[in-house]
Amino acid sequence: MKTNQKIILATLAVFAVIIGVVLFMNRDTETETADVPADTERVYPPTEGQPMLGDADAPVEIVEFGDYKCPSCKQWTETVYPKLAEEFIDTGKANLSYVNVLFHGEESVIGALASESVYEQDPENFWEFSKAVYTAQPATQEHDKPWVTIDKMAEIVAETAPGVDIEKMKADMADENSAIVQEVTRDNELVEEFNVPFTPTVYVNGVFLEDPFDYEQIAKLIEEGQK
């Protein structure tokens, strides 16, 4: 078991270096140059193959670019997400898709790969897993210490997604050619394509939100999309 974990960690380290370093090098400049589309300009990140909550045919698409290591993503999930779900997603007015971001290196990669494994093996429980990871994220300065580990993700998977074969998940995390690695790579390509400047980055009805916590603006864009 320890040997397998070393293999997984080595694979993740390489993956994190290739992806994470590029993101960190570009992050500041992207934040300064990211354009906010005007009301008449709509930019829709593709959601095919991404985890989606709600009716796929809902008139409004919400896309969240999130990172399981990100404190602001935890806050968004605990404050904005519940209201969105109750008022707009559960009522069929909008749906929500999730795209992984890897701004925090190896820990972000571990969380992203675990989430893709859940989505592949037990998609109905993806959102329960996702919320549980953010709930497990330390809310204090302890957050900066490593906490997104393979064992921690396996523990959360066991509690929230019983349909996942955890040993298969671990094996897939160590295989650079596995489907879940390819999905995380595809997410990273979307992050680069859309110049994601921070997490969470949120698009509502094709509009990039400068402030993803501005619930009034989110509601306005969703209601606008009903017309």
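What's counted below: heavy atoms across the whole structure, side chains too, no hydrogens, waters or symmetry copies.
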task = Provide the closest heavy-atom pair for Gln226 versus Pro59 in the form atom of the first, atom of the second, distance.
result = OE1-CG, 3.3 Å

key: Any side-chain heavy-atom pair of Asp122 and Thr160 under 4.5 Å   = no

inquiry  = Using 0.5 Å steps for rounding, measure from the OH atom of Tyr134 to the OH atom of Tyr81.
reply    = 11.5 Å

task = May I ask you to decide if Asn188's main-chain N or O and Glu193's side chain share a donor-acceptor pair within less than 3.5 Å?
result = no

inquiry  = Tell me which pairs pass salt bridge (Lys or Arg N to Asp or Glu O under 4.0 Å) where either residue lies in residues 126-135, with sequence neighbours left out.
reply    = Glu128-Lys131

key: side chain to side chain donor-acceptor pair (under 3.5 Å) contacts touching residues 58-72 (sequence neighbours left out)   = Asp67-Ser108, Tyr68-Ser130, Lys69-Glu107

query = Should Leu102 and Val191 be marked as a side chain to side chain contact (heavy atoms under 4.5 Å, CB included) after you check the CA-CA gap, both sets of side-chain angles, and the distance that decides it?
reply = CA-CA 9 Å; Leu102 310 175; Val191 170; over 6 Å; no

inquiry  = Taking the basic N atoms (NZ, or NE/NH1/NH2) and the acidic carboxylate oxygens, is any pair closer than 4.0 Å for Arg186 and Glu183?
reply    = yes

message = Would you say that Val181 contacts Asp175 through its side chain, given a criterion of any heavy-atom pair below 4.5 Å between the two side chains?
response = no

task = Check salt bridge (Lys or Arg N to Asp or Glu O under 4.0 Å) between Glu223 and all other residues, then give those that pass, not counting sequence neighbours.
result = Lys93

query = Hey, quick one: are Val204 and Tyr215 part of the same hydrophobic cluster, counting side-chain heavy atoms closer than 4.5 Å, chains of contacts allowed?
reply = yes

If you look only at distance, which donor and acceptor atoms sit under 3.5 Å apart when one is on a side chain in residues 46-56 and the other is two or more places apart or in another chain?
{"unit_1": "Gln50", "atom_1": "NE2", "unit_2": "Asp187", "atom_2": "OD1", "d": "2.9"}
{"unit_1": "Asp55", "atom_1": "OD1", "unit_2": "Asp57", "atom_2": "N", "d": "2.8"}

Met173 side chain reached by Ile110 side chain, heavy atoms, under 4.5 Å = yes

ask   = What pairs with Lys168 under salt bridge (Lys or Arg N to Asp or Glu O under 4.0 Å), at least two apart in sequence or on another chain?
value = Glu120, Asp172

ask   = In Å and rounded to the nearest 0.5 Å, what is the CG to CD1 distance from Leu84 to Ile62?
value = 4.5 Å

query = Of all heavy-atom pairs between Gly111 and Val148, which one has the smallest distance, and what is that distance?
reply = N-CG1, 3.7 Å

query = Are Phe88 and Val60 close enough that some pair of their side-chain heavy atoms sits under 4.5 Å apart?
reply = no

request  = Would you check if Met169 and Val157 make a side-chain contact, meaning some heavy-atom pair closer than 4.5 Å?
outcome  = yes

key: Steps toward side chain to side chain contact (heavy atoms under 4.5 Å, CB included) verdict (Val164, Asn125)   = CA-CA 10 Å; Val164 173; Asn125 285 311; over 6 Å; no

task = Could you give me the CA-CA distance, side-chain angles and deciding distance for Tyr98 and Tyr119, then say whether side chain to side chain contact (heavy atoms under 4.5 Å, CB included) is met?
result = CA-CA 11 Å; Tyr98 188 87; Tyr119 185 58; over 6 Å; no

Donor + acceptor pair across side chains of Asp211, Gln217 (<3.5 Å) = no

inquiry  = Apply side chain to side chain contact (heavy atoms under 4.5 Å, CB included) to residues Val133 and Ser115 and explain how you reach the verdict.
reply    = CA-CA 9 Å; Val133 175; Ser115 76; over 6 Å; no

query = With sequence neighbours excluded, what pairs up with Glu155 under the side chain to side chain contact (heavy atoms under 4.5 Å, CB included) test?
reply = Lys152, Glu159

ask   = Measuring from His104:NE2 to Thr199:OG1, what's the distance to the nearest 0.5 Å?
value = 5.0 Å

query = Looking at OH of Tyr44 and CG of Asn205, how far apart are the two atoms once the value is rounded to the nearest 0.5 Å?
reply = 4.5 Å

ask   = Do Trp127 and Leu96 come close enough that some side-chain heavy atom pair is under 4.5 Å?
value = yes

remark   = Heavy-atom closest pair (Val43 atom, Tyr203 atom, distance to 0.1 Å) is O-CD2, 3.5 Å

query = Out of curiosity, Glu86 CD to Thr91 OG1, how far, rounded to the nearest 0.5 Å?
reply = 9.5 Å

query = What heavy-atom pair brings Cys73 and Gly66 nearest, and what distance separates the two atoms?
reply = SG-CA, 3.9 Å

remark   = In short, Ile218 meets Pro212 closest at the heavy-atom pair CD1-O, 3.5 Å

4.5 Å side-chain heavy-atom contact, Cys70 and Phe103 = no

ask   = Is there a donor-acceptor pair under 3.5 Å between the side chain of Trp76 and the backbone N or O of Pro200?
value = no

query = Can you check whether Ile150 reaches Met153 side chain to side chain, under 4.5 Å on heavy atoms?
reply = no

message = I'd like to know if the side chain of Ser117 and the backbone of Leu113 have a donor-acceptor N/O pair within less than 3.5 Å.
response = no

ask   = Parallel, tilted or perpendicular: which describes the rings of Phe208 and Phe198, with under 30° parallel and over 60° perpendicular?
value = tilted

